[in-house]
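Below is one structure, written out as structure tokens; the observations come after it.
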Amino acid sequence: MRMSHLVGARYKERPAEATLESHAFLLRGGYARQVANGIYSLLPPGFRVCHKIEQIIREEMDRIGGQEVLMPVVLPRELWEESGRYENVGSELLRIQDRTGHDMLLAMTHEEAVVHLCRYEVHSHTQFPFMLYQIQTKFRDEPRSRGGLIRVREFTMKDAYSFHTSQEDLEACYARCYRAYQRIFARAGIPEVAVVQSDSGMMGGSVAHEFMLLTAVGEDTIVTSEDGSYIANQEVATGIIDGDSEAPLPLEKVHTPDCRTIDEVAGFLGVATRKTAKAVFYDHDSEGKLVFVVVRGDREVNEAKLARLIQAAPVPADEARIRSVGAEPGFASPLGIDREKVRLVIDHTVKSSNNLVTGANETGYHYTNFNLDRDLPGVETVDVVDIEEGDLAPDGKSRIVLQRGIEVGNIFQLGRKYTQSMGMTYDDEQGKAQVPIMGCYGIGVGRLMSSVMEVRRDEYGPRWPITIAPWQVHLNALKLDQPPVREAAETLYLELCAAGIEVLYDDRNARPGVQFADADLLGIPFRIIVGERNLKDGNLEWKRRDTGENGTIPLENAAETIAQWLREAIAQVETAAPESL
RNA sequence: CGGGGUGUAGCGCAGCCCGGUUAGCGCGCCUCGUUCGGGACGAGGAGGUCGGAGGUUCAAAUCCUCUCACCCCGACCA
């Protein structure tokens with residue numbers, strides 16, 4: 001590629017809307033342009049990186065027996081009604097109508113489409129297991145997209161779906177996919193991606209893992225232990241939260257005027273927030289009951305955990321709804337509440353602490369010395385709070401440290417949620433109809449590109465791993481108007497191209513500073529500089545963008561030398577990938 | 001959806017509070033010349049419905065009303 005004709009301006013200045021470094025470089029380097037909120041076009045460099053990532057994904061999915069297909073972006077309402085998601089998924093599902101007024105939708109994921117496809121194609125246990133995948137556009141009408149390509153509304157995703165006749169078979173496939181993902185991220189140049197236990201969210205299913213690139217700008221909170229033995233998404237993380245064991249004191253009702261928050265109550269009574277019990281209300285559980293959550297005052301309700309408990313999306317309840325069950329906002333308490341009217345959810349922390357302050361369900365009054373075992377005997381407690389920094393890991397051996405991560409991939413054991421509801425069956429050995437078990441496996445391509453950019457860069461631009469760089473070699477010719485320089489550069493360019501190497505040739509006769517600054521923004525790992533300074537000795541200069549190494553090589557046979565370097569550099573990245581299963 | 005902010009040339013911004021020629025500046029772009037190893041210099045030039053609509057006024061980028069878009073924080077989210 002001759003750079004004089006490369007489309008995509010590079011900016012010297014940082015665009016105002018960029019927040020993350022990767023976002024700034026995407027715009028400054030001419031990789032992507034925003035069309036609307038969370039909707040982007042990719043320019044040639046950005047598309048080339050994405051295409052290479054996709055190619056790695058293809059190779060690894062094919063290696064474990066994946067079969068590539070392509071399903072539609074636009075799906076009819078009826079298909080999603082079969083699974084129940086047309087009603088269950090909120091406004092992030094973009095619903096549209098065709099010219100006849102028929103309800104359609106833009107797929108945000110393709111479980112329905114793949115089951116629709118397979119239920120007509122596969123009928124016998126002899127055809128199992130199998131895995132289909134596609135690399136295709138998804139649309140999710142995010143309430144708030146941000147961070148360049150990290151979180152967008154329209155994006156390209158590799159989504160794979162496996163079908164099995166037994167849980168054991170699913171688990172074997174899951175393990176292969178898990179390993180394939182490790183290989184994909186390693187080959188893309190970020191072998192440090194961590195695997196964490198995760199929530200399966202609206203997808204349903206049980207076992208799920210997320211592949212997280214740990215970075216301060218990540219949107220997810222990851223709970224890790226200091227000794228490295230534990231790692232989980234905060235949405236599912238468990239741990240040991242310290243309690244205390246004072247002798248229970250008599251329950252006492254005290255006047256607490258205008259103390260509606262935990263901080264106000266604790267301050268007024270002169271106790272630590274951890275010596276209080278906090279009431280939080282959500283509307284409503286799967287049976288329509290108000291959910292009354294009680295956690296220790298210094299702790300936060302983990303809404304992902306709560307959602308799994310109540311089998312519904314927790315929505316904070318308004319004051320009228322809280323009063324309707326006899327509780328008093330600001331002074332609410334599990335003591336004396338009508339348990340027929342509410343779904344009482346009490347966290348373990350309330351049981352493991354003593355003599356807590358809790359509301360009296362009466363404006364201006366709290367109880368002190370609330371002890372769950374004594375005052376509400378027989379109430380079961382659950383885990384419904386966030387694990388925080390300094391708690392103990394589940395094994396009790398190590399302290400918890402919180403980190404941030406970007407989710408670059410995920411894998412789920414889905415079970416029969418979609419095959420059951422959509423009536424997919426096969427005949428088993430006895431000729432009896434059975435419902436297959438599914439797994440699903442996703443990777444966001446653009447998010448992966450941005451994520452790599454976020455962790456492989458310096459102040460001047462990205463430092464692409466050789467395996468996903470937009471081009472492999474950046475050829476700079478300094479003073480192109482001088483015949484010897486032009487001749488050497490043009491010849492080398494053609495030789496490199498002939499050798500099958502991807503070359504970006506800066507043939508613009510621009511000043512060196514301009515060329516180098518642009519080269520930094522494009523982040524190509526091998527830079528070859530043709531300039532009169534070294535050319536008079538028959539040499540070329542080279543520089544590694546990724547490692548900073550540099551030197552000179554003879555012009556003669558340079559293409560062969562460079563080709564050899566590339567093979568070695570690629571091999572070096574690939575050796576970081578674990579063996580396939 | 002709640003709170004805050006910003007819309008002026010491809011990019012970054014000033015001008016607005018306190019209305020008044022032909023709306024500026026830096027970068028980028030085009031032409032010519034001098035330059036040339038980390039974003040050169042000089043000369044000349046192109047490029048603007050001041051986000052949109054309505055209003056106030058002799059006069060609106062500037063004041064008022066409405067509206068749209070984008071950004072940030074929160075809620076939400078596979």
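First the proteins, then the strands, lettered A, B, ... as listed; each starts at 1.
Under 4.0 angstrom from either OP1 or OP2 of B/G39 there lies no side-chain N or O belonging to A/Arg511.
Looking at heavy-atom distances under 4.0 Å, A/Arg14 makes contact with sugar-phosphate atoms alone, never a base. Across all strands shown, A/Asn534 has heavy atoms under 4.0 Å from base atoms, whether or not it also approaches the sugar-phosphate.
For A/Asp481 and B/C36, a side-chain-to-base donor-acceptor distance below 3.5 Å is present, hydrogens and geometry of angles not being considered.
Between the side chains of A/Glu210 and A/Asn410, no donor-acceptor pair of N or O atoms lies under 3.5 Å.
Checking B/U34 for Watson-Crick or G-U wobble geometry (two distances, each under 3.5 Å) identifies B/A40 as its partner. Applying the Watson-Crick and G-U wobble criteria (two distances, each under 3.5 Å), B/G74 pairs with B/C1.
Taking every side-chain heavy atom of A/Lys12 into account, B/G28 is the closest of B/C72, B/G37, B/G28. Nearest nucleotide to the A/Glu17 side chain, out of B/C11, B/C36, B/C71: B/C71.
Where A/Val152 and A/Gln34 each meet RNA chain B at their nearest nucleotide, the meeting point lying more 5' is that of A/Gln34.
Between A/Phe526 and A/Trp565, the angle of the ring planes stays under 30°, which puts this pair in the parallel group of the 30/60° scheme.
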Throw together a table of side-chain donor-acceptor distances under 3.5 angstrom for residues 35-43 of chain A, partners on residues two or more places apart or in other chains.
unit_1  : atom_1 : unit_2   : atom_2 : d
A/Asn37 : OD1    : A/Ser145 : OG     : 2.4
A/Tyr40 : OH     : A/His23  : NE2    : 3.4
A/Tyr40 : OH     : A/Gln34  : OE1    : 2.9

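Between A/Tyr181 and A/Ile443, some side-chain heavy-atom pair lies under the 4.5 Å cut-off.
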